[in-house]
Amino acid sequence: MTTSTIHHLLNQMTVKEKIAQLLQLAGPFYKGSNQQGQITGPMADMPITKDHILNSGSVLGVSGAAEVISIQQKHLEENRLGIPLLFMADIVHGYKTIFPVPLAIGCSWDLDLAKQSAEIAAKEAAVSGVHVSFAPMVDLVRDPRWGRVMESTGEDPYLNSLFGQAFVKGFQKEDLTRDFESVASCVKHFAAYGAAEGGRDYNTVDISERQLRESYLPAYKAALDAGCEMVMTAFNTVDGIPATGNKELMRDLLRDEWGFDGVLISDWGAVKEMIPHGVAEDEKEAAKKAILAGLDIEMMTACYAQHLEELVEQGEVDLKLLDEAVIRILTLKEKLDLFNHPYRGASIEAEKEIVGHADHRKISRELAAKSTVLLQNQNQTLPLDQNQKIALIGPFADSFDLLGPWAGVGVKEEAVTLEKALKDHLSEDNLIRSQGCSIEKITQSQLDEALHAASEADVVVLAVGESSSMSGEANSRTNIQLPQAQLELIEAVAKTGKPVVTILFNGRPLDLHGVVEHSDALLEAWFPGSEGGNAIADLLYGKINPSAKLSMSFPYNVGQVPVYYNHFNTGRPKGAPDAQEHYVSDYMDSPNAPLFPFGFGLSYTQFAYDQFELSAEELTLDAEIKASIRVMNTGSYSGDEIVQLYIRDISGEIVRPMKELKDFVRISLEPGESKTVHFSIKEEQLRYHHKDLSFSSDAGKFEVFVGTNSQENHSQFFTLTKKGGQKL
Ligand code: BGC
């Protein structure tokens, strides 16, 4: 089908049929609809008729080849013009083979593996009938109270952009039209959903346009530059206007400025939510605002379906806007080749073979190991020795709750638990098991038994954390410590004097008081996915040396939040040489620094940095400076180090962050080996949004930092010179 045939099809469509293309309904409307098209169950009160359903454009949350084929077949029989449905679903970190949660993947700093994880997710989803994945979620996050931080890759615009691109390329591969192992990608949630006030889900977002452009927008833009086909709007307001009715965001920025011509979809129910937000009196006004602002598909409310026809008849909405939205949706169907192959990759046979394939689990295992961050390792407690007798204690020791939220059709019970993995590694005599407590409760007898187990062992492995229902959508928390029961367990076990290795399973950076001081070694495993237990065992026994680095800061306490590495200095920074004693920007009862900063993560080996050199002290517009540093493995294990480069603009037109990540590189070093790492610094890396929103750099002094994390690094200065006040 070509542009002209899409127009030909459009010309045959009635206004009602066009509007129905803009409607997205969940599976139960198709599966649960009886002859009369009546819906039973919780969605029964949606004003949807059989007519709406058989003309609708897309389905949400249905997968499985048999199911998709049957719905599509029935739809094609009944739909007057034979327009196929689009099947969309949340394939966030895997379909059936579940990878670590995105925040964990962010800590891998491994773009190739991230891309591979999306490719596998796409392959499994596509063969199960899915056409579009509602991912990646690239919302920048600074507030661990927000339950959805686990869906993001973290707090840095640059890193998030790279991951956003990697995921899009993995999902969509090279050619959506010919390669049916791909799915179209829908980046979300546009815009700045991660900046919800107080970390409370769905809450107000109010940030300056400059900050929006500098920190929050780059990752969406990067995803679109990588070819992402769709954008989902956010639930929140941006500068007082709900994103779903926000013309500045959709028509002005996305469409006009960035040239995005793909499909824009609302989040679940977000069109109707303009009423409680307080910008629409009723559904009709909500529908009008959404279409005028540029929204194409309305997910799970029926404001368009109910009112758009009348709005067009009354001349309040130009038919042209409706036509444009329909054309975009039909064009996406065409790109996915649905007019020729309405079932696309869906295959009942191939599905059995591909979904959950052992090769996919292998990659999941590798990625989980690369995403697990070693936060502490006193006295080289880790790696463990197979001859040591370990007491495995805690609610996550045998828990299947390893997949985390948004786990596709992943089956918890198919995940490898830590206990199962350790049993494969150890002789029976060397593994003592005790429950210790549940996620939120502890009894005296559990505690007694745990202490007894600890006393029998050489080392204690404590598997603790938050259940997956404590993070994810609508799961914000003001207390981000581990539940009290687990803190009691940890403290009591530590008192036995046995070395304690604590493994954390959770979806957000936690306040680790009560954990760090009682742990000799501390591994942050996040929700590691289907192969979690195996990956952790690989790390515990040194088969793999940890290399992950935090992509989101761990606060010292919740009162510091938001705490992130790329903050401003203030006029009264703490610790400056001439700082006053009292009137500085700090807390009376807490340090300013997070407990573990962005970029932080240990290895079983040690890396020493020296010989930091810049090739020049002056940077001109057409040249570059080479920054080089020698990294030496001074420990006794081979290992990978992620060498990070940050820059600070010392004096800008606008205050610039203390540091901004600009580049990084992974190197592998054998014990005693050293390598010199080279980075190049160019003027374009120094640009930012000025007061007039122009994107340019300032001539003047810059500081460049290279090192092992955002706090520990070597630094030097250079100057950017521009002839005749040249602005770029
Ligand atoms: C979430 C989205 C998701 C959608 C569809 C919403 O509640 O915010 O991220 O894509 O549901 O499942």
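One-based numbering, in listed order, for ligands and for the atoms of each.
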**Q** Does a side-chain heavy-atom distance below 4.5 Å link Leu23 with Ile48?
**A** yes
**Q** For the atom pair OG (Ser530) and NZ (Lys96), what is the distance rounded to the nearest 0.5 Å?
**A** 9.0 Å
**Q** Relative to ligand 1, is Met88 under 4.0 angstrom through side chain, backbone, both or neither, heavy atoms considered?
**A** neither
**Q** Does the ring of Trp406 carry Lys188 above it, NZ/CZ under 6.0 angstrom from centre and within 45° of its axis?
**A** yes
**Q** What part of Met137 sits under 4.0 Å from ligand 1 if we count only heavy atoms: the side chain, the backbone, both or neither?
**A** neither
**Q** Is there at least one pair of N or O atoms, one from Glu151 and one from ligand 1, spaced under 3.5 Å apart?
**A** no
**Q** Which atoms of ligand 1 are found less than 4.0 Å from any heavy atom of Leu60?
**A** 5 (C), 12 (O)
**Q** Should Asp139 and Tyr220 count as side-chain neighbours, where that means a heavy-atom distance under 4.5 Å?
**A** yes
**Q** In ligand 1, which numbered atoms sit nearer than 4.0 Å to a non-hydrogen atom of His189?
**A** 2 (C), 8 (O), 9 (O)
**Q** Quick check: are there more than 12 heavy atoms from other residues, nucleotides or ligands sitting under 6.0 Å from CD of Glu281?
**A** no
**Q** Taking everything shown except Lys173 itself, do over 12 heavy atoms lie less than 6.0 Å from its NZ?
**A** yes
**Q** Answer whether the closest heavy-atom distance between the side chains of Leu292 and Met250 falls below 4.5 Å.
**A** no
**Q** At the 4.0 Å heavy-atom cut-off, does Met300 count as touching ligand 1?
**A** no
**Q** Considering only the protein, which heavy-atom contact is closest to atom 3 (C) of ligand 1, and what is its distance?
**A** Asp90 OD1, 3.2 Å
**Q** Among protein heavy atoms, which lies nearest atom 8 (O) of ligand 1, and at what distance?
**A** Asp267 OD2, 2.5 Å
**Q** Only heavy atoms of Glu473, strictly under 4.0 Å: list the atoms of ligand 1 that pass.
**A** 1 (C), 6 (C), 7 (O), 8 (O)
**Q** Does NZ in Lys335 sit with more than 12 non-hydrogen atoms of other residues, nucleotides or ligands closer than 6.0 Å?
**A** no
**Q** If the cut-off is 4.0 Å to any non-hydrogen atom of Phe134, which atoms of ligand 1 fall inside it?
**A** 10 (O)
**Q** I need the atoms of ligand 1 closer than 4.0 Å to a non-hydrogen atom of Lys188, numbered in the order shown.
**A** 2 (C), 3 (C), 9 (O), 10 (O)
